[in-house]
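Attaching a single structure in structure tokens format; questions to follow.
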Amino acid sequence: MRILLLSSCLFVGGIANAANDLPGGGINPEALSQHVRVLASDAFEGRAPASNGEQRTVDYLIEQFTKAGLQPGGANGSWVQEVPLVRATVDGEVAASLTLGGKTLPLVNGEDITLQSLSPFGVVDQQDVPLVFVGYGISAPERHWDDYKDLDLSGKIAVVLINDADFEAEQPGAFDGKAVTYYGRWTYKFEEAARRGAEGVLIVHETAPAAYPWATVKASGTSPLFDIERSQDDALAAHTPVRGWMQRALAERIFSAAGLDFEAEKRKAMRADFQPVALGDARLSASFWVKRERVVSRNVVAKLEGASHPEESVIFSAHWDAFGIGQPDANGQTVRHGAIDNATGVAAVLELGRVFAAGPRPQRSLYFVALTAEEKGLLGASYYAAHPLAPLETTVAVLNIEMFSPDGENADIATWGKGRVSLEQDIDRVAKARGRRWSPDPNLEAGFFYRADHFAFARKGVPAITVGAGLDKLDGGVAAGRALRDAYFAKCYHQACDAWSPQWDGRGLAADTLLVYDLGLELANSRQWPTWEKGAEFEAAREASDAARR
């Protein structure tokens, strides 16, 4: 077992120094804000993968990494790692309706439901497919839980709830209370329904358990889908012919027509003895064309080679993609700029690369990686983890950055989810050295641990965290921070209004980036390695890679 804590005295001029004593003049708030202004501008068209916006983004990142004095860290001496994907776009209108009580109810895609498909065929044409409620759609033998109860889902559409069965329970049960597990994520719901041979799957949207409003679902659900390249047989096995979400009001109407009470059935689904329920005579009909294209997106990778242990590496990462151009919002805006999510993270990686390159070479190699297709299911990170540019067994840690705040400084810094990894204690320690503190994720029910790129590395055993803004504002405290956060998620998350503003206060961006620098510098010059806590779900994978390396 590796030593848990890193020494705080591993380097000269580290966290005890003031920010302006760092190489290159330290972390520059104006530079951070300028990077966001450029990346989130209309000219970058929302930075969708495999678009003109991607090319502009890649060009800008390479320009900035080159200017910083970093080396190409991509494949074959280049700045990029190509990520082959399949893009599936609904081509034309979606015709959809429900049969309830013998009557036909037309459905509006994007309003009542969102329908998409990653099936390997170019057309979806389903007529009168019966709906069955399968609770939370979870099969977890290790938790003694199975919502399916050997139900044959062939020829049926599964209706499932979002999040875990514990989310609204009075007491924690099989799923860790409100701290959502991977079983609560929408990605898992789709995956499991496909494994069960369903014709389709519809997730019932509710804002609290989903952790975002319908507007976010609409933005995602009416955008192109991306997937890794698969054979036709693998794609058929991995995806149902149709998938999507429905509004809670529509679900209530379906349940009522079947003589069921939606809330009562939800309560039954919170128990391990839940039984699937046919939803009366409810039948879905849906027809639409799907344009499928092979596209190649890119991770952008810069490197600073280590001086004495170049074979060991530390990764600083952030995803560069956002949601591109979508339907006009209330103000007629169509570009979903992705300023906070996640031009702030990319800006931090660029600034970290500049400052590290200006200083002495670290002992270990540093990689600065801007990842693609996070918003499409962590695809760029997953591809890197499957095709690493530096061996994962000698990758010391991944410090991923998401959604730093432009609203001034905080007394704290946060990490996403409960990682059960020593890096959480390390970020707390370096924060305290700067007169700040680490705050554990206050919204474990949102499942953020499974929604950021570090998760792709964690699954392979690499100690990894995503660092984000805290809530305790120096001006206004936690109440002010929570109000700002809640307003952002309610109004601008994945929307056009997630945009840069001249009123941004870059001091908070700089202060948070500085703490990532402090921890990264320790990791870069240490002979110790971060570890997963005993019993953490990724501990075994790391121990296996340790044994292989030794």
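Below, all heavy atoms of this structure are taken into account, side chains as well, without hydrogens, waters or symmetry copies.
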Other residues, nucleotides and ligands only: do more than 12 of their heavy atoms fall within 6.0 Å of CG on N76?
no

Ring centroid separation F356 to Y517 under 6.0 Å:
yes

If you look at every heavy atom in W500 and S33, which pair is closest and at what distance?
NE1-OG, 2.9 Å

To the nearest 0.5 Å, what is the distance between OG1 on T466 and CG on L423?
11.0 Å

Would a distance-only check, ignoring hydrogens and angles, find a side-chain to backbone donor-acceptor pair under 3.5 Å from K189 to Y183?
yes

Side-chain H-bond candidate by donor/acceptor type, S526 with Q528, under 3.5 Å
no

Do R459's NZ or CZ and the ring of Y182 fall within the cation-pi criteria of under 6.0 Å and 45°?
yes

Knowing that exactly one of F449, F316, F538 qualifies, which makes a ring pair (Phe, Tyr, Trp, His ring centres under 6.0 Å) with H454?
F449

Is there a side-chain contact between E522 and D426 in this structure, where contact means two heavy atoms from C-beta onward sitting under 4.5 Å apart?
no

Look at the side chain of D412 and the backbone N and O of L471, then say whether any donor-acceptor pair between them is shorter than 3.5 Å.
yes

Quick one: list whatever passes ring-ring contact (aromatic ring centres under 6.0 Å, His included) with Y60, sequence neighbours left out.
H35

Is it the case that over 12 heavy atoms from other parts of the model lie below 6.0 angstrom from the CG atom of D475?
no

Can you check whether G184's main-chain N or O pairs, donor with acceptor, with N163's side chain at less than 3.5 Å?
no

Residues at least two apart in sequence or cross-chain that pass side-chain contact (heavy atoms from CB on, under 4.5 Å) with S41, listed by chain then number, are A43, F44

In sequence, state the C-alpha distance, the side-chain angles, and the governing distance for V369 and V398, and then conclude on side-chain contact (heavy atoms from CB on, under 4.5 Å).
CA-CA 10 Å; V369 187; V398 174; over 6 Å; no

For the student: nearest non-hydrogen atoms of A456 and A385, plus distance
O-CB, 3.7 Å

For residues P463 and T531, determine if any side-chain heavy atom of one lies less than 4.5 Å from a side-chain heavy atom of the other.
no

Note, W79 side chain near L61 side chain (heavy atom, < 4.5 Å):
no

Evaluate the side-chain contact (heavy atoms from CB on, under 4.5 Å) criterion for residues T207 and W214: first the C-alpha distance (whole Å), next the side-chain angles of each, then the deciding distance (0.1 Å), finally the verdict.
CA-CA 7 Å; T207 297; W214 179 259; 6.0 Å; no

Any non-hydrogen side-chain atom of L514 less than 4.5 Å from a side-chain atom of D518?
yes

Does any N or O in the side chain of T513 come within less than 3.5 Å of the main-chain N or O of L509, such that one atom is a donor and the other an acceptor?
yes

Under 3.5 Å, is there a donor-acceptor pair between the side chain of N342 and the main chain of M403?
yes

Before accepting this row, confirm whether a basic side-chain N of the pair E539/R542 lies closer than 4.0 Å to the acidic partner's carboxylate O.
no

Are L304 and P362 side-chain neighbours, meaning at least one heavy-atom pair lies under 4.5 Å?
yes

Lys/Arg N to Asp/Glu carboxylate O, R436 vs E409, below 4.0 Å
no

What about the rings of Y188 and Y450, do their centers lie closer together than 6.0 Å?
no

Set of salt bridge (charged side-chain N to carboxylate O under 4.0 Å, His left out) partners for R485, sequence neighbours left out:
none

Minimum heavy-atom distance between D341 and D498, given as atom pair plus value
N-OD2, 3.2 Å

Residue pair T57, L39: steps toward the side-chain contact (heavy atoms from CB on, under 4.5 Å) verdict
CA-CA 7 Å; T57 302; L39 291 165; 4.1 Å; yes

Donor-acceptor pairs under 3.5 Å, side chain of residues 320-332 to any protein atom, not counting sequence neighbours: which ones?
from: W320; atom 1: NE1; to: R298; atom 2: O; distance (Å): 3.0
from: D321; atom 1: OD1; to: H319; atom 2: ND1; distance (Å): 3.0
from: D321; atom 1: OD1; to: A373; atom 2: N; distance (Å): 3.3
from: D321; atom 1: OD1; to: E374; atom 2: N; distance (Å): 3.1
from: D321; atom 1: OD2; to: E374; atom 2: N; distance (Å): 3.2
from: D321; atom 1: OD2; to: E375; atom 2: N; distance (Å): 3.0
from: D329; atom 1: OD1; to: N331; atom 2: N; distance (Å): 2.9
from: D329; atom 1: OD1; to: G332; atom 2: N; distance (Å): 3.0
from: D329; atom 1: OD1; to: Q333; atom 2: N; distance (Å): 2.8

Test side-chain contact (heavy atoms from CB on, under 4.5 Å) on V467 and D512 and set out the steps.
CA-CA 9 Å; V467 182; D512 287 348; 5.9 Å; no

Output yes when a side-chain donor or acceptor of E351 lies under 3.5 Å from a complementary backbone atom of N28, and no otherwise.
yes

Flag side-chain contact, heavy atom, 4.5 Å: Q116 against F190:
no

Main-chain N/O of G26 paired with R354 side-chain donor or acceptor, under 3.5 Å
yes

Applying side-chain contact (heavy atoms from CB on, under 4.5 Å), can you list everything that pairs with P310, at least two apart in sequence or on another chain?
E305, S365

Would you say the side chain of Q64 lies within less than 4.5 Å of the side chain of I62, judging by non-hydrogen atoms?
no

Would you mind checking if E312 and R527 are paired as a salt bridge, meaning a charged N to carboxylate O distance below 4.0 Å?
yes

Closest non-hydrogen atom pair, F226 against P224
CD1-O, 3.9 Å

Atom of I401, atom of A318 and distance for their closest heavy-atom approach
O-CB, 3.5 Å

Are any of the side-chain nitrogens in R56 or D59 under 4.0 Å away from the carboxylate oxygens of its partner?
no

Indicate whether the side chain of S422 and that of W529 have a donor and an acceptor atom separated by less than 3.5 Å.
no

Do K473 and L484 come close enough that some side-chain heavy atom pair is under 4.5 Å?
yes

Tell me, with the steps shown, if S317 and N400 meet side chain to side chain donor-acceptor pair (under 3.5 Å).
CA-CA 5 Å; S317 66; N400 189 58; 2.6 Å; yes

Quick one: OG1 on T372 to CG on D453, what's the gap to the nearest 0.5 Å?
9.5 Å

Do you know the tightest heavy-atom contact between G53 and E45?
N-OE1, 3.9 Å

Examine distances only and state if a side-chain atom of Q81 and a backbone atom of V301 form a donor-acceptor pair shorter than 3.5 Å.
no

Over 12 non-hydrogen atoms of neighbours within 6.0 angstrom of NZ in K178:
yes

The reported gap from OG1 in T395 to CZ in R364 (rounded to nearest 0.5 angstrom) is 10.5 Å

Mind checking what makes ring-ring contact (aromatic ring centres under 6.0 Å, His included) contact with F404, not counting sequence neighbours?
none

Nearest-0.5 Å distance that lies between atom CD1 in I427 and atom OG in S439
11.5 Å

To the closest 0.5 Å, what do you measure between CD1 (I413) and OG (S405)?
11.5 Å

Rounded at 0.5 Å granularity, tell me how far CG in D227 sits from NE2 in H239.
3.5 Å

Salt bridge (charged side-chain N to carboxylate O under 4.0 Å, His left out) partner of R87, chosen from E229, E54, E293:
E293

